[in-house]
Amino acid sequence: MEMRKGNLMSVRTDIKVLDATIRDGGLCNNFEFSDEFVKELYKANIKSGVDYMEFGYRASKNLFNPDDFGKWKFCDEADIRAIVGEENVSDMKIAVMADVGRCDFKTDFLPKNESVVDMIRVACYIHQIPAAIEMIEYFHTLGYETTCNIMAISQASSEQIEDALDMLGQSSVDVIYLVDSYGSLYPENAAKLAKKYLEYGEKYDKAIGFHAHNNQNLAFANTIETMSYGVSYLDATASGMGRGAGNCAMELLLGFLKNPKYNLYSILTFLQDYMLPLKESGVVWGYDVQYLLTGQLNRHPREAMAFTAEKRTDYRNFYVGLLDND
């Protein structure tokens, strides 16, 4: 019998729910959220018991022109404070994402005691682990909580994964994230990977997180499956809003968790008042056949995103094209 942690009825106090709507969802609308939207989401998350809210990326203004993106691509300290106040007085912590190779980490981050940000999530691919660790150690000296989100893990070999987990285990990182970037994992292999991460997490005293994509309608299933073995940091987004097929829906996750600190009322209000109008305005995300196909083939969703943008519906031609490029 493989050991699951707790059962469907029990409360797990190690669970942390992270809302990534502005960050991952921002990839669907170029981070063009109104201040009202972000402020109402912030308030809804606090009332729902969410533990962390990720406000977006802190990308390099040398690499990306601020005129081309909404402000949450850059997450300036002043912009976050405009939402949360001069200090975030809630229990909910604030996170931003720093992408290896796409941020100026030595110049764009204040010491933690001068910032309202609590956690910096360092995103990288498996071959960028040394660069990620350099950033993690720097953020650690500034006083931040850190995570390492290794993307596209479904493309990495088990030897690469073990080497990466060993290196991260010896670093100052607080949380190591298993990320199903392509939405290609099924509960069975998501669980197998989670157990591998948890083995290193136990060895080095690191928490493990999971970030799902919904290409095969399995984001929620994979999230609660990995959680059942001890993964404790769980990413979700309002209405599942995220790049391509989107993420695990916050309303599904909060409805599942048994801890009474989590509740649905505020998030449901936010869905009806803000997410429905956003969808009606023409912002597109969520499960669709083209994402299913790239997920099944364990490929980056870029071709499916182009298919979606062109409003194509010729699924069969698309599939044949993918197979020809395999």
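Since the model is a prediction, treat every value here as computed from it, not as a measurement.
Atoms CZ and SG, on Phe109 and Cys75 in that order, are 9.0 Å from each other to the nearest 0.5 Å. Between the CG atom in Leu142 and the CG atom in Asn113 there is a gap of 9.0 Å [rounded to 0.5 Å]. Rounding to the nearest 0.5 Å gives a distance of 7.0 Å between OG of Ser158 and NZ of Lys196. With rounding to the nearest 0.5 angstrom, the OG1 atom of Thr146 is 12.5 Å from the CG atom of Asp118. Separating the OH atom in Tyr287 from the CG atom in Leu218 is a distance of 10.0 Å, to the nearest 0.5 Å. Once rounded to the nearest 0.5 Å, the distance linking NZ of Lys43 with OG1 of Thr269 reads 12.0 Å.
In this structure, Tyr125 shares a hydrophobic cluster with Met151, the cluster being traced through Ile, Leu, Val, Met, Phe, Trp and Tyr side chains under 4.5 angstrom apart.
Criterion: ILVMFWY side-chain heavy atoms under 4.5 Å apart, direct or through other members. Under it, Leu293 and Val320 are not part of a common hydrophobic cluster. Linking ILVMFWY side-chain heavy atoms closer than 4.5 Å, directly or via other members, places Met305 and Phe307 in two distinct hydrophobic clusters. Leu257 and Phe210 fall within a single hydrophobic cluster, where Ile, Leu, Val, Met, Phe, Trp and Tyr are joined by side-chain heavy atoms under 4.5 Å apart, directly or via other members. Linking Ile, Leu, Val, Met, Phe, Trp and Tyr whenever their side-chain heavy atoms come within less than 4.5 Å puts Leu234 and Ile94 in one cluster. Residue Phe105 is grouped with residue Ile136 when hydrophobic side chains (ILVMFWY) are merged at heavy-atom distances under 4.5 angstrom, including chains of intermediate members.
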*Apply side chain to side chain contact (heavy atoms under 4.5 Å, CB included) to the pair Phe270 and Glu40, showing each step before the final yes or no.*
CA-CA 7 Å; Phe270 185 79; Glu40 290 304 317; 4.0 Å; yes
*With side chain to side chain contact (heavy atoms under 4.5 Å, CB included) as the test, would you mind laying out the steps for Cys103 and Arg58 before giving the verdict?*
CA-CA 7 Å; Cys103 66; Arg58 187 161 289 170; 5.7 Å; no
*Is there a side chain to side chain contact (heavy atoms under 4.5 Å, CB included) between Lys206 and Leu168 once you walk through the steps?*
CA-CA 9 Å; Lys206 307 295 185 190; Leu168 286 166; over 6 Å; no
*Would you sort out whether Tyr42 and Phe55 count as a side chain to side chain contact (heavy atoms under 4.5 Å, CB included), showing the intermediate values?*
CA-CA 9 Å; Tyr42 171 71; Phe55 271 70; 4.1 Å; yes
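Atom CG of Leu8 has 12 or fewer heavy atoms from other residues, nucleotides or ligands within 6.0 Å. More than 12 heavy-atom neighbours from other residues, nucleotides or ligands sit within 6.0 angstrom of OH on Tyr138. Enclosure of atom CD in Glu87 is not indicated, since only 12 or fewer non-hydrogen atoms of other residues, nucleotides or ligands lie within 6.0 angstrom.
Note on Arg81 versus Glu77: salt bridge recorded, some NZ/NE/NH1/NH2 to OD/OE distance being below 4.0 Å. A salt bridge links Glu225 with Arg4; the closest basic N to acidic carboxylate O contact falls under 4.0 Å. No salt bridge links Lys195 with Glu199; every basic N to acidic carboxylate O contact stays at or beyond 4.0 Å. A salt bridge is defined here as a Lys NZ or Arg NE, NH1 or NH2 lying under 4.0 Å from an Asp or Glu carboxylate O, and Lys61 with Asp104 fails to meet this definition. Look at Arg121 and Asp99 and you find no salt bridge, because none of the NZ, NE, NH1 or NH2 atoms lies under 4.0 Å from a carboxylate O. Between Lys5 and Asp14 there is a salt bridge, since a side-chain N of the basic residue sits under 4.0 Å from a carboxylate O of the acidic one.
Between Tyr57 and Phe74, the distance from one ring center to the other does not fall under 6.0 angstrom. With ring centers used as reference points, Tyr182 lies under 6.0 Å from His300.
Of the possible donor and acceptor atoms, one in the side chain of Glu137 sits under 3.5 Å from a partner among the backbone N and O of Ser172. Judged by distance alone, with hydrogens and angles left aside, the side-chain atoms of Asn215 form a donor-acceptor pair with the main-chain N or O of Tyr291 at under 3.5 Å. The closest donor-acceptor contact from the side chain of Asn189 to the backbone of Tyr186 lies under 3.5 Å. Here the side chain of Asn7 pairs a donor or acceptor atom with the backbone of Ser10 at under 3.5 angstrom.
Applying the ring pair (Phe, Tyr, Trp, His ring centres under 6.0 Å) test to pairs two or more places apart or on separate chains, none has a residue in residues 187-207.
Side-chain contact check for Asn263 and Ser48: no donor-acceptor pair (N or O, by modelled atom type) lies under 3.5 Å. Asp51 and Tyr262 share a side-chain donor-acceptor pair at under 3.5 Å. A donor atom on one side chain and an acceptor atom on the other are found under 3.5 Å apart for Asp24 and His211. Side-chain atoms of Tyr52 and Glu145 form a donor-acceptor pair, as typed in the model, at a separation below 3.5 Å.
Shown are Asn149, Asp235, Thr147; of these, the side-chain hydrogen bond (donor to acceptor under 3.5 Å, both in side chains) with Tyr177 is made only by Asp235. Across Leu193, Val231, Leu198, Asp180, a single residue satisfies side chain to side chain contact (heavy atoms under 4.5 Å, CB included) together with Thr226, and that is Val231.
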